[in-house]
Structure formats: C-alpha cells, structure tokens
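These notes concern the structure reproduced below.
These figures come from a predicted structure and were not determined experimentally.
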Amino acid sequence: MANASDVSTVLRHALRRHFIPHLPNPKKERVITMRNVRNAILIAIAALLLLTGCQMLKNSNAPSKGNAMEEKKDENKVDDLVKRDAKMFPKFSAKDFSGNDVDESIFKNNKLTIVNMWFTGCKPCVEEMPYLGELYKKNKDRGVNLIGICADAGSEEYLKTAKDIMKNANADFTQLVVKDDESNKDMMKFMEGVQAFPSTYIVDENGNIIAGPILGALNEKSNEKEISSIIDEHLKTK
C-alpha cells in the first residue's frame with residue numbers, strides 16, 4: 001500500500017505538471033487545457049483516496065490523545081520545516097518595483113527575512129497579500145523583514161498587475177523582479193525548482209535558508225502558526 005509520502009509525491013507531480021506554469025519566463029504562455037485539468041483531477045482524486053485510506057488505517061491503530069496529540073503534530077511539522085543543515089539562498093541581482101537594484105546583501109540588514117515567491121496569476125498568492133502586509137508590519141520592529149519575488153513581473157504588463165495587487169492589498173513590503181539572464185543562473189535554477197506557488201522561505205542574516213519551503217498561503221491557519229513559531233524560536237537565540 002502506498003504511504004503518505006508516496007501519495008504526496010504523486011499528487012505534487014500531478015499538480016506541477018498540469019497546473020504550475022513554467023516560470024519565471026513571462027513570455028511563455030500559461031495555458032491549462034481541459035485535458036490537463038481532467039487528468040490532474042483524476043490523479044488528484046486517486047491520490048487523495050489513497051492518502052485518506054492510509055490515514056484511516058494509521059488512526060485506527062493509535063489511541064486518541066486529544067489536544068496533546070494535535071499539539072505534538074504541529075510541533076513535528078514545524079520541526080520538519082526547520083533546516084538542520086541550512087543551505088545558502090542563491091546569489092541574485094534584482095530590481096524592486098521602484099527600479100532600485102537589490103541583491104542578496106539585503107539579508108544582512110535584518111535578523112530574519114521572510115522570502116515569499118509568487119506570481120500574478122496565482123489566486124492563493126494574491127489572496128494572501130493583505131495578510132503578508134500585516135505580517136510585515138507586525139514583525140519589522142523585531143528585526144524581521146519580508147520580501148516578495150514575483151516570478152512573472154519581468155514584463156511591463158505583469159509588473160503593472162503586480163503593483164496593483166500590492167496596492168489593493170495595502171501591502172508595502174519590498175517586491176523584487178529577478179532578471180532571467182546568465183548572472184542569475186543559480187537563482188533561476190532555484191526558482192524553477194519551486195514545487196508550488198506561493199512558496200515561502202525564512203533566511204537568516206548570513207543568507208542561510210533556516211526554514212522552508214512553506215507551501216501554500218500563509219494566511220491559512222496551519223501555515224500562520226508554523227511561521228510564527230519559527231520566527232519566535234529563532235529570535236529567542238539572538
């Protein structure tokens with residue numbers, strides 16, 4: 001019988017293949033055909049049924065421990081996201097939405113930087129922007145910065161759309177556009193490896209990725225709890 005990890009892998013690849021566009025090249029069409037939708041839905045349903053079956057078997061053999069078990073599960077999930085062998089966030093050369101040059105040295109200015117990767121056609125990405133704006137305001141005086149990397153804002157059309165999204169969300173944290181060229185080869189490779197949008201990473205002042213990727217919108221209750229726990233735990237040691 002497939003385990004939860006196997007099912008998750010199948011589901012992730014199905015969604016990536018049929019729903020996630022090849023980013024960050026904005027010149028490529030982002031087309032989802034009905035055949036793609038149908039295939040992805042069938043694979044997703046099968047995967048979810050398998051996953052449900054695995055969870056039911058697991059739960060039937062385990063005693064119920066109420067809230068204590070739920071809290072332990074949350075702790076384990078957060079622990080899984082924290083990188084024990086942190087790797088460096090790739091070097092990059094970018095411009096913010098005002099046209100100013102920005103590179104990886106931006107991490108040195110704060111104890112932690114939350115890096116949110118998104119694109120304008122991603123509904124969950126757009127819906128989480130108001131929350132991200134509040135998250136930034138809540139933590140900026142604690143030495144925690146928040147930057148967005150908009151994967152399709154390389155064209156004027158999408159850049160304007162991204163600016164409108166930020167304005168409508170009343171979010172004023174830094175947004176970056178990373179140019180797809182040879183100087184950003186490592187960054188492009190990193191972005192192409194993103195499993196889903198939105199994806200969020202937490203980077204320390206030395207440029208180390210200490211947590212992530214956190215997949216899905218941060219305004220979801222589980223993700224909100226995870227990111228707050230990671231930030232609080234890291235700041236305790238500073």
Side-chain angles (χ1 to χ4, degrees), residues 15-16 18-32 89-107 109-110 112-140 144-203 209 212-220 223-224 227:
L15 293 177
R16 276 192 70 188
H18 297 288
F19 285 101
I20 303 299
H22 183 72
L23 295 170
N25 188 344
K27 295 181 180 179
K28 293 197 174 185
E29 295 182 356
R30 294 177 291 175
V31 178
I32 301 175
F89 195 87
K91 293 182 178 180
F92 63 89
S93 175
K95 288 188 180 295
D96 64 20
F97 280 8
S98 298
N100 302 306
D101 292 326
V102 180
D103 60 24
E104 68 279 358
S105 65
I106 192 173
F107 298 132
N109 301 328
N110 293 275
L112 290 175
T113 301
I114 302 166
V115 182
N116 179 256
M117 308 188 82
W118 67 291
F119 71 99
T120 59
C122 164
K123 185 177 179 182
C125 302
V126 175
E127 290 178 345
E128 76 171 345
M129 280 302 160
Y131 170 76
L132 292 180
E134 291 302 315
L135 183 67
Y136 168 65
K137 292 172 185 175
K138 176 183 174 183
N139 288 286
K140 64 180 180 178
V144 180
N145 192 21
L146 195 157
I147 63 174
I149 297 178
C150 186
D152 64 348
S155 70
E156 287 300 319
E157 177 186 358
Y158 290 121
L159 178 59
K160 182 181 183 304
T161 300
K163 287 180 178 179
D164 288 343
I165 289 170
M166 293 293 290
K167 183 178 179 180
N168 292 336
N170 194 27
D172 60 355
F173 58 92
T174 300
Q175 288 286 350
L176 303 180
V177 181
V178 179
K179 190 175 181 181
D180 185 358
D181 60 19
E182 189 64 23
S183 67
N184 280 318
K185 181 172 62 175
D186 291 341
M187 185 62 180
M188 290 300 104
K189 186 176 180 181
F190 181 83
M191 292 176 71
E192 287 171 4
V194 172
Q195 297 174 1
F197 290 84
S199 277
T200 303
Y201 299 81
I202 302 180
V203 182
I209 300 173
I214 301 170
L215 304 179
L218 294 185
N219 57 341
E220 295 173 4
N223 284 345
E224 180 181 354
I227 201 164

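When all heavy atoms are compared, the tightest approach of Leu176 to Ala94 is CB-CB, 4.2 Å. Of all heavy-atom pairs between Val126 and Thr120, the closest is CG2-O, 3.7 Å. Residues Asn219 and Glu224 come closest through the heavy atom pair O-OE1, 4.4 Å. Across Gly133 and Ala171, no two heavy atoms sit closer than the pair CA-CB, 3.9 Å. A pairwise comparison of heavy atoms in Pro198 and Ala217 identifies CG-N, 3.7 Å as the closest pair. In this structure, Lys91 and Met187 approach most closely via the heavy-atom pair O-CB, 3.8 Å.
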Inset, instruction - Dump the intermediate steps for side chain to side chain contact (heavy atoms under 4.5 Å, CB included) on Asn184 and Met191, then the final yes or no. - result: CA-CA 10 Å; Asn184 280 318; Met191 292 176 71; over 6 Å; no
Legend entry - Criterion side chain to side chain contact (heavy atoms under 4.5 Å, CB included) on Lys140 and Asn110, from CA distance to verdict: CA-CA 9 Å; Lys140 64 180 180 178; Asn110 293 275; over 6 Å; no
Inset, instruction - Could you give me the CA-CA distance, side-chain angles and deciding distance for Phe119 and Tyr158, then say whether ring-ring contact (aromatic ring centres under 6.0 Å, His included) is met? - result: CA-CA 9 Å; Phe119 71 99; Tyr158 290 121; 9.1 Å; no
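Ion pairing between Glu192 and Lys189 fails under the 4.0 Å rule for side-chain N and carboxylate O.
Side-chain atoms of Asp96 and Thr174 include no donor-acceptor pair closer than 3.5 Å.
With a 4.5 Å cut-off on side-chain heavy atoms, Lys95 and Val102 do not count as touching. Residues Ile114 and Phe173 are not in side-chain contact: their nearest non-hydrogen atoms beyond the backbone lie 4.5 Å or more apart. No side-chain heavy atom of Thr113 sits under 4.5 Å from any side-chain heavy atom of Ile106.
Ser183 is linked by a side chain to side chain donor-acceptor pair (under 3.5 Å) to Asp181, counting only residues two or more places apart in sequence or in another chain. For Asp172, the side chain to side chain donor-acceptor pair (under 3.5 Å) criterion is met by no residue, not counting sequence neighbours.
For CG of Asp103, the number of neighbouring non-hydrogen atoms (other residues, nucleotides, ligands) closer than 6.0 Å is greater than 12.
Under the 30°/60° scheme for interplanar angles, the aromatic rings of Phe107 and Phe92 are found to stand perpendicular.
Between atom CH2 of residue Trp118 and atom CG of residue Asp152 there is a gap of 7.5 Å, rounded to the nearest 0.5 Å. Between the CD atom of Gln175 and the CG atom of Leu146 there is a distance of 8.5 Å, given to the nearest 0.5 Å. One distance of note links CG of Leu135 with CE of Met129; it measures 12.0 Å at 0.5 Å rounding. In this structure, the separation between CE on Met166 and NZ on Lys163 is 11.5 Å, given to the nearest 0.5 Å.
Sorted by first and then second residue, the side chain to side chain donor-acceptor pair (under 3.5 Å) pairs with a member in residues 127-139 read Asn116-Glu128, Asn139-Arg142; sequence neighbours excluded.
Residue Thr161 forms a side-chain contact (heavy atoms from CB on, under 4.5 Å) with just one option from Ile165, Leu159, Asp164, and that option is Ile165.
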